[in-house]
Every structure is written in structure tokens, then in C-alpha cells.
Asker: 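A single structure is presented below for examination.
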Amino acid sequence: MSKSASLTDSHCHLTAAQFDDLSDVLLRARAAGVEAINVIGYTLEHSLRAINIAGRSDGLWATVGISPHDAKDAPADYASGLRELARSSRAKVVAVGETGLDFYHLISPKDVQIEAFRTHIELAEELNLPLVIHTRDAFEETVNILNELDAPAVGGVFHCFTGAPDEALRAVELGFYVSFSGIITFKNASVVRASAAVVPDSRLLVETDAPYLAPAPKRGKRNEPAFLVHVVRELAKIRGRQPDDIAAVTTENAQNLFRYSG
Ligand code: NI
């Protein structure tokens, strides 16, 4: 990748305890060409912390949401908490989420996840912000709820996509973006690579999901935004393109979806 390539990490968790060296992490990200980073909230507290981190410098943005894993522990009035956070930091909050359904891990009961997902969609519509969606072993249920609540009107991204090509194309048909992580560099991920080949340029995003899912050749280490270059290179290889092209396309798409300003 050329030195001038500008990359966007559409999804990472810099509020995690593993980032006790955040200043160095951010310097390495910049040195690697990662000029925009979405810091994703997954509880009320981490949504606030994401906003605080986003306030540290240009190119850092935040989302507010309660993840499906954390939905079971959310306070009863979490929706008003998220609304307040988004309204009071309008310039830095670029999406609602991560939210969605995870019927693979089932850390929160299904009904609790579904209720929280619906609440997040309504909040996104009220705030006119896109959605950051996590879905695992629940694609049909996710799409049904998105359609029922008219979520394509606000749009969003299926983050850390792990589904099959037909599901990726259905997400695209719904008007959503599809984001690929370091999973595409894993040996056993041929289905996800097939999905990464079929999403049209105009709907493609990349992410690290750091500190999780470090891409090869960093697999097993703590992930960080600087490692996004490995995701972009693999995606370029899958699509028969130049890494600079993939960097440019995914950065432009992130700007269009998240409407970064300033
Ligand atoms: Ni995440």
C-alpha cells in the first residue's frame, strides 16, 4: 500500500481495558494511514468512554449502543441514556450500536436481545443516525426486524460480516453496508472470503474489531487499528484489486454512511 493511502477502521473497541497504551495505539494507526476510526459503544458506560476518546483528536468518532451480549445487564432506562449521550455529543456520535442479535453465543436471552434491537432501531430513526449491526446465527430474524421497523430508511452496516454470499447480497439489497474484519485472513474462512468477493464496491467497509480478531500475520495478538492494513491487503487480493483502491473505496463509503464532519 502506498504511503498516501487513507484507511478507515469502521469498528473497534478502543475503550477496552487492553488499550492502556492508547496514545501509542493512535500514533501507530496514523503512521499506518488509518485516518478515521469509529470507537464503538457496547454498554452505556463504554458509549460515554467512546465519546470521550473520540474527543481526543480529529478523525476519531463514537457510536452509542448496548451490544446483544450486554443487553441483559442494561438499566431499564438505557434508551434515554443513549439518547442523551447522542444528543449532547452530536458532532462526534456517528451511529447507534452496536446492536443486533447473537443467537450463537446467546449471552443475553433471545427476547431481551430482540427487544433491545427494536429499541435501538427506533432510537436510530429518532436521531437520524445509521445502525451498527452485529448478527450471528440470526440473519433471518435480523432482516425481518429491520424490515418491520423500516430500518433501511436510516441504513447502517452489518459489521464483522461472517455470513454466506447470499446473505451479504441480501444486506446490500436492503441498502446496508457490509464490513469485513481480519476474519478474511483466517485459513478456515473461505465462506467469508466468498462473501467479501461479491459485495459491490459501493457497499464495502473494513474494520479491525480490535482488540479482537487480529488478522494474519498478527493472529493471536491484541488487535489494533494499525493492523487494518492486513485486512485491506487481503480484501484487495480477494477482489483482484490494488490495496490503494480498496482503501479509497472503503474510506469514501465510511464518509458517506457516517457523514463525518470536521
Ligand atoms: Ni464490536
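Numbering of ligands and ligand atoms starts at 1, following listing order. Note that these values count all heavy atoms, side chains included, but never hydrogens, waters or copies made by symmetry.
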Asker: Residues sharing Val198's hydrophobic cluster, by side-chain heavy-atom contacts under 4.5 Å among ILVMFWY, directly or via others?
Answerer: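 Other cluster members: Leu169.
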Asker: Look at His159 and state whether any of its N, O or S atoms is less than 2.8 Å from the Ni ion (ligand 1).
Answerer: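 Checking His159: none of its N, O or S atoms is under 2.8 Å.
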Asker: Among residues at least two apart in sequence or on other chains, which ones pass side chain to side chain donor-acceptor pair (under 3.5 Å) with Thr8?
Answerer: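 Residues passing side chain to side chain donor-acceptor pair (under 3.5 Å) with Thr8: Thr251.
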Asker: How wide is the angle at the Ni ion (ligand 1) spanned by Glu98 OE2 and His11 NE2, rounded to 10 degrees?
Answerer: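 Reported to 10°, the angle equals 90°.
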Asker: Return the name of the atom in His13, of element N, O or S, nearest to the Ni ion (ligand 1).
Answerer: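 The Ni ion (ligand 1) is closest to the His13 atom NE2, counting only N, O or S.
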Asker: Validate the cation-pi geometry between Arg170 and Phe139: distance from NZ or CZ to the six-membered ring centre under 6.0 Å, angle to the ring axis within 45°.
Answerer: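 No cation-pi geometry.
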Asker: Quick check: are there more than 12 heavy atoms from other residues, nucleotides or ligands sitting under 6.0 Å from CD of Gln242?
Answerer: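 Count not over threshold, so no.
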